[in-house]
A.B. asks: 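Have a look at this one before I ask anything.
Counting starts at 1 for both ligands and their atoms, following the listed order. Source: prediction; values computed, not measured.
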Amino acid sequence: MIRSTMQRAPLSINQLLERAGRLFPDSEIVSRRPDKSLVRHSFSDFYRRSRQLASALLAAGLQKGDRVATLSWNHYAHLECYFGIPAAGGVMHTLNLRLAPDEIAWIANHAKDRFLIIDDILLPLYEQFRAKLPFEQVIVVPFSGAKVGDSFVDYEAFLAGAPAGFDYVAHEEDDPISMCYTSGTTGRPKGVVYSHRSTVIHTLMANQPDHWGLSAKDRVLPVTPMFHANCWGIPYCCVMLGIKLIFPGPHLHPEDLLALFAAEKPTYVLGVPTIWLTMAQLLESNPEKYKLPEGVRMLVGGAAMPESLIRTYLKHGAAVAQGWGMTETSPVGSIAYLKPELQGASEDERVARFATAGVPAPIMDLRIVDDEGREQPWDNKAVGEIQVRGPFITGSYHDVPQEPEKFTADGWLRTGDVAAIDAHGYIRIADRTKDLIKSGGEWISSVDMENLLMAHPSVQEAAVIAIPDPKWSERPLACVVLKPGRTATAEELRLHLAVKFAKWQLPDRFEYLDAIPRTSTGKFWKVKLRERFGA
Ligand code: ADP
């Protein structure tokens, strides 16, 4: 039997850090502070400081595999944690600062976090759960510039006191580097643990020209939080290529983001649709005052991006691509781009492709499967649950009994998302299984209905939920937020929907709200709507 002659070297994110320090010392990291001033670091600073963090953690007694939690906004120090904690053999555990204090405490306890690195402005949140947690050390980033209290360790002093002469802690490629809990829309959140190997492969995958299309010329601004789903992998991708990073800190209001856009001119921005929904309102209200940087590209994911919104952004000069993924998939599972056969397509056809979740990412397998476990054809009609497997897809959850309903017998992850796939491979997500509306034995896609509602000129936001019905088992109910100063009666909206939906599919009820409730990751929170209107 012939054997490969290739060396067996473990994949390692430490190589990304080393290369960044050596090849891109002048690349920039811009972070917006709580007082809205900007602080600038070079990649050379980032390299030195990440290694100092690793060295200081080792000196503080960090053992291989120990969890170091972060409770932080997007900024330079969080990026240092992304690389410094694994460099010391630790596992970075990003805590979601939008969760309730009790939930954060539960998650940190479940993960057995030993140290906490936290922004000074988040200490009031920490005070609400500190009694429940035995962190050995709490290291405070003086993000606002205020003096760190004596009961805490000052992050800057911690770095300054790090022993010189740091060596990376040896590791295998399957050793863990970070972990993140799912948002727990159903039941308790569950932990996903990423490895050197899964992260390096995911980074190489995402950094392809036909996927995110990033290059050294880019300036990237992730609105996507670094505390959730690896910030979609963008920190690793940018460090690998030496790309300038622009971090918005705690200021995520669209007006603040547009000001930061104007100051730093990002070429690539990432975030969930709800962010872009509110920003579009500003752009439309005063196109003279509010402008996007010329030629900016946007990556939108985490929930469906309505086609109407993609068109609004096109009008304002932005190119929008959609992706799909989840905490369990590192998180990118698919990306929209134009395949070779579609390069000459009409604008309508192109926009329609970008309104899908795109095509499956390389280096993983994706299929759709019906309720009986039969794989479905890619004909744009058959729908089924998306199932995935591959080197950056989780095969289990941290420290819980294996859940058969989350994995198939042949080892695929069941995503709980229902989709159809067209002959070119573009995925159209119809719903999450738990959001599907089953009426009179037929399915109604809430995503399709929401997208069409949001294309109505008077509608700002829309979420469609199932409510129990004695005759039909479930009926759709549409929750609608109107644009300021606009009106639209239920009858008008029904007529608008009737263009694409059959009569039996149209909602009987419309509820007019001031805003659709948001989850901790900024998506429409349908559970809350079902609680309110479902009874
Ligand atoms: P949560 O939504 O509970 O916060 P995740 O952040 O892991 O958890 O989100 C994963 C889910 O987000 C997917 O399972 C899917 O339902 C939804 N999602 C992600 N991208 C898209 C998209 N482009 N279109 C529709 N839904 C999406």
A.B. asks: What do you reckon, does Trp324 have a nitrogen or oxygen under 3.5 Å from a nitrogen or oxygen of ligand 1?
C.D. replies: no
A.B. asks: Decide yes or no on ring-ring contact (aromatic ring centres under 6.0 Å, His included) for Phe247 and His78, but give the supporting numbers first.
C.D. replies: CA-CA 10 Å; Phe247 289 126; His78 213 168; 8.6 Å; no
A.B. asks: For His228 and Asn96, test the side chains for any donor-to-acceptor distance below 3.5 angstrom and give the result as yes or no.
C.D. replies: no
A.B. asks: Output, in order, the C-alpha distance, side-chain angles, deciding distance and verdict of side chain to side chain donor-acceptor pair (under 3.5 Å) for Thr519 and Thr521.
C.D. replies: CA-CA 5 Å; Thr519 69; Thr521 48; 3.2 Å; yes
A.B. asks: For atom 22 (C) of ligand 1, tell me which residue out of Gly301, Ala303, Ala357 has the closest non-hydrogen atom.
C.D. replies: Ala303
A.B. asks: Measuring from atom 14 (O) of ligand 1, which candidate in Ile335, Thr182, Thr519, Asp417 has the nearest non-hydrogen atom?
C.D. replies: Asp417
A.B. asks: When only distance counts, is Thr327 in polar contact with ligand 1, meaning an N/O pair under 3.5 Å?
C.D. replies: yes
A.B. asks: Under 3.5 Å, N or O to N or O, is Gly323 touching ligand 1 that way?
C.D. replies: yes
A.B. asks: Applying ring pair (Phe, Tyr, Trp, His ring centres under 6.0 Å), name anything that partners Trp378, two or more places apart in sequence or on another chain.
C.D. replies: none
A.B. asks: Show your reasoning for whether ring-ring contact (aromatic ring centres under 6.0 Å, His included) applies to Tyr236 and Phe83.
C.D. replies: CA-CA 9 Å; Tyr236 304 108; Phe83 287 86; 5.6 Å; yes
A.B. asks: Between His228 and ligand 1, does any nitrogen or oxygen pair lie at a separation below 3.5 Å?
C.D. replies: yes
A.B. asks: Evaluate the side-chain proximity of Phe129 to Glu103: yes if any heavy-atom separation is below 4.5 Å, no if none is.
C.D. replies: no
A.B. asks: If you count the atoms of ligand 1 from 1 in the order shown, which ones are under 4.0 Å from a heavy atom of Thr521?
C.D. replies: 4 (O)
A.B. asks: Can you find a heavy atom in the side chain of Ile118 that is under 4.5 Å from one in the side chain of Ser72?
C.D. replies: no
A.B. asks: For atom 12 (O) of ligand 1, tell me which residue out of Met326, Lys523, Lys434 has the closest non-hydrogen atom.
C.D. replies: Lys523
A.B. asks: I'd like to check which ligand 1 atoms, numbered from 1 as shown, lie under 4.0 Å from a non-hydrogen atom of Gln322.
C.D. replies: 22 (C), 23 (N), 24 (N)
A.B. asks: Give a yes/no verdict on whether any heavy atom in Gly302 is under 4.0 Å from an atom of ligand 1.
C.D. replies: yes
